[in-house]
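So that the names make sense, note that chain A is the first sequence line, chain B the second, and so on, each numbered from 1. Basis for what follows: all heavy atoms, side chains included, without hydrogens, waters or symmetry-related copies.
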Protein chains: 2
Amino acid sequence: MVLSTAAEDYLKTIYKLRETGVRAVGNEARGNEARGNEAREGAPVTTQALADGLQVAAPSATAMVKKLASLKLVAHEPYRGVTLTPAGEKIALEVIRHHRLVETFLAEVLGMDWDQVHDEAEKWEHILSEEVEAKIDAALNSPTHDPHGAPIPTLDGRIASDGWQPLLRAGAGDRVTVRRVSDRNPAVLRHLREVGLIPGARLEVLRAAPESGVLELQVEAQARIVGTEPARAVWVSHDGDTPSSNLQNDAAENRK
Amino acid sequence: MVLSTAAEDYLKTIYKLRETGVRAVGNEARGNEARGNEAREGAPVTTQALADGLQVAAPSATAMVKKLASLKLVAHEPYRGVTLTPAGEKIALEVIRHHRLVETFLAEVLGMDWDQVHDEAEKWEHILSEEVEAKIDAALNSPTHDPHGAPIPTLDGRIASDGWQPLLRAGAGDRVTVRRVSDRNPAVLRHLREVGLIPGARLEVLRAAPESGVLELQVEAQARIVGTEPARAVWVSHDGDTPSSNLQNDAAENRK
DNA sequence: TTTTATTTTTAGACTGGCCTAAACTTAAGA
DNA sequence: TCTTAAGTTTAGGCCAGTCTAAAAATAAAA
C-alpha cells in the first residue's frame, strides 16, 4: 500500500492519540490503575483532536478520514470519531518504527543532538525504504528504544507497552527513575537535559505542586522544573517497578 | 528559498541536461575538444528534453519553467529554451551535492549496493537539512567524488569539472582508465560491475564497433559489452591524461 | 518563398490536500 | 422537553502539479 505523506501522518497521529488517550482516562489517583497491558480500548479519536494534532482545520481532517475509511484503514462513525483498522494500525506502526529508528540512527551514528532528531525523523519516516530500514536496524543492532526512551515497534508490528507514569503525577517523597521523555519540543528537550532528566536518571521528588506547576527534584544535582509541560514530557517508573517491556501485537489486540 | 520537490527536480535536470548537452556538441572527432574547463556555453535546454528527462508531458514542463522564471531561477526565452540563472544553478548544485553525498553515505556507511543508492538518493536529496548534510560530510571526511565517480559539489557551489570521455568514443587499441559511470540505471550498473567496469579499472579496448554497439575490452579479465547504453554510461580517461580535477565555480562562470 | 513537419505554448480539466463559511448533530443545561 | 453550546460535516474555493487537445511558432523541405 503506497500512501501519501499526509495519509501516513494521519494514521500515525490517530494511533498516538488513541494511545495517550487511554492513559489519560481516569488518572486522578496515582497508583495501580495504569499498569502495563491493561485493556487498550479507549475512546475513538475525535476529529478535533486529530485536526489539532496535525495542525490542520477540522474539515481537512474529516476529508482525510473519509478517504482513509474508503481504503479500509480506519473505521469512521460520523460524529463519533475514528479508530484504526488492523491494516491502518500496521501502517501507523511502520511509520512510527521508521521514525524511532531514524531518531536513534541520527543520534548514535551521526551524533546529532537529541532535541534535533525528532524534526528530521518527521521527514525521513515517509521516504525510508525497506532496504534502508533493514540496514539501519542492523547497524544499530536492532535497538528496542529510541534516544528518548520510546519503544521501537518490531518489523512485524509489535510494540513494547511500557506502563510508565508521567512525572507530573509523582508526589513529594517519591523515588523514581526516568524512563522516557517526549521528543516533541526541542526547547523542552534541551531544558530536560540541562536539569538531568534523561532516560535512566534516578531522582527523588522533593516538592510537588502540580497546580502551580513547580516540581523540585533531587537528581545527581538538584533540579527544579516549572510548568506542567516539562512534567508532562517525562515518564518515570516508581522504584521497585518491574521494567515491564512486554511486547504486544497491537494490531491483533485491536481485532478483538 | 524553500522550493517544492518538483521545482528542485526541474532545476537539477536543467543543470544536468545543459552539462551533458555541452559535451555532446561537436563530438565527432575524439581528441582535444572536450578538455576540462572549456567554454561552458552550450545551447539552452529545450522543453522537450526537460519533459523527457523528468518523465512528464511537455506542457507540464512549460508550466514549471514559467514558474521558475517568475522566481528568477531560470531564464526562459519562449520557443527557444531555458537556462539557469546563477541563483537557479546554486540550488541545482545544492541538490546535486545532497544527492551525491547521500549516495556516498549509503554505500560507505550503510553498505548498500551501488546500483540501489541512486534511487534512494533521489528521495533523500530533497529533505536533507543543512545539519544532516554537514554531519554526513564530516562522517565521510568531505568526499570529492561519489561511488560512481561523479564529483560532489562543494558547500559553496563549486564543482570539479572532469573532462572524461564516454567509453563509447574510445577506439580499438586505446588504453584507458574508468573514471565515472552513470548511476541512472541499476541494471546497467550491475552489469558494469559484473564485467569489471568500476571507477579506477584500467582497460584496453580490443575491438570497437560503435555502430553495432559491440565493445570488447581487456580489463583484469576480458570483458565484452553490447549495446550503446553501457558504453554511454562509462566515462574514461586516456592513459597519460592528467587527472584534471580543477574546481570551478559554475555559478560565477554562468554570469558572464 | 511557400508549404509542411515538429516543437512549444495555451486552454481547459483533474487530483490531492488544504482553507473558510455555513449547515447539521450531538450533548448539556434550563 | 426545549434551547443552546460545542463539535462535525458539507459546500465551495484555492493552489500545486499533472494531463490531453488544440492553437501558435519555428525549422525544414519543396
Side-chain angles (χ1 to χ4, degrees), chain A residues 1-14 17-18 21 24-25 42-84 88 91-92 95 122-123 125-127, chain B residues 1-14 17-18 21 24-25 42-83 88 91 95 122-123 125-127:
Chain A
M1 170 105 36
V2 169
L3 291 179
S4 66
T5 293
E8 288 185 349
D9 277 334
Y10 275 87
L11 293 175
K12 181 182 68 167
T13 303
I14 293 168
L17 286 174
R18 183 128 168 295
V25 166
V45 170
T46 65
T47 300
Q48 195 60 56
L50 191 50
D52 288 349
L54 286 157
Q55 309 256 59
V56 297
S60 308
T62 300
M64 180 60 88
V65 161
K66 293 181 80 166
K67 176 170 300 180
L68 293 173
S70 79
L71 293 171
K72 301 272 201 280
L73 297 175
V74 303
H76 183 216
E77 253 194 285
Y79 294 98
R80 280 281 133 75
V82 64
T83 51
L84 295 173
I91 293 173
V95 174
E122 285 288 305
K123 299 182 291 185
E125 64 189 11
H126 302 295
I127 65 163
Chain B
M1 169 103 39
V2 169
L3 291 179
S4 66
T5 293
E8 287 185 350
D9 277 334
Y10 276 89
L11 293 175
K12 181 183 69 168
T13 302
I14 294 167
L17 286 172
R18 183 126 168 297
V25 166
V45 170
T46 65
T47 300
Q48 195 59 55
L50 191 49
D52 288 349
L54 287 158
Q55 309 256 59
V56 297
S60 308
T62 300
M64 180 60 89
V65 162
K66 293 180 81 167
K67 176 170 301 179
L68 293 173
S70 79
L71 293 171
K72 301 272 202 281
L73 297 175
V74 304
H76 183 214
E77 253 194 287
Y79 293 98
R80 279 282 133 76
V82 65
T83 51
I91 293 173
V95 174
E122 285 288 305
K123 299 181 293 185
E125 64 189 11
H126 302 296
I127 64 163

So, does B:K123 use its side chain to make a donor-acceptor pair with the main chain of A:I127 at under 3.5 Å?
yes
Inter-residue atom distance B:E125.CD - B:K12.NZ, 0.5 Å rounding
3.5 Å
Just how far is it from atom NE2 of B:H76 to atom CG of B:L68, taken to the nearest 0.5 Å?
10.5 Å
Its 5'-most and 3'-most nucleotides having an atom under 4.0 Å from a non-hydrogen atom of chain A, DNA chain C is contacted over C:dG16 to C:dA27
Between side-chain atoms of residues 45-53 of chain A and protein atoms elsewhere (two or more places apart, or another chain), which donor-acceptor pairs fall under 3.5 Å?
{"unit_1": "A:T46", "atom_1": "OG1", "unit_2": "A:A49", "atom_2": "N", "d": "3.1"}
{"unit_1": "A:Q48", "atom_1": "NE2", "unit_2": "A:D52", "atom_2": "OD1", "d": "3.2"}

Quick one: CD1 on B:I91 to CG on B:L3, what's the gap to the nearest 0.5 Å?
4.5 Å
A:V74/A:I14 under side chain to side chain contact (heavy atoms under 4.5 Å, CB included): CA gap, chis, key distance, verdict:
CA-CA 9 Å; A:V74 303; A:I14 293 168; 4.0 Å; yes
Base-contact (B) and sugar-phosphate-only (S) positions in nucleotides 14-22 of chain D, heavy-atom cut-off under 4.0 Å, - elsewhere
--SSSBBB-
At less than 4.0 Å, is any side-chain N or O atom of A:H76 found next to OP1 or OP2 of D:dT8? Yes or no.
no
Within the structure shown, what part of the strands sits under 4.0 Å from B:T47 by heavy-atom distance: base, sugar-phosphate, or nothing?
sugar-phosphate
Locate the shortest heavy-atom distance separating B:A7 from B:M64; write the atom from each residue and the value.
N-CE, 3.8 Å
State whether A:Q48 places a side-chain N or O below 4.0 Å from either non-bridging phosphate oxygen (OP1 or OP2) of D:dT8.
yes
Here the gap from A:T13 atom OG1 to A:L54 atom CG, rounded to the nearest 0.5 Å, amounts to 3.5 Å
Given atom CZ of B:R80 and atom P of D:dT26, what is their separation to the nearest angstrom?
6 Å
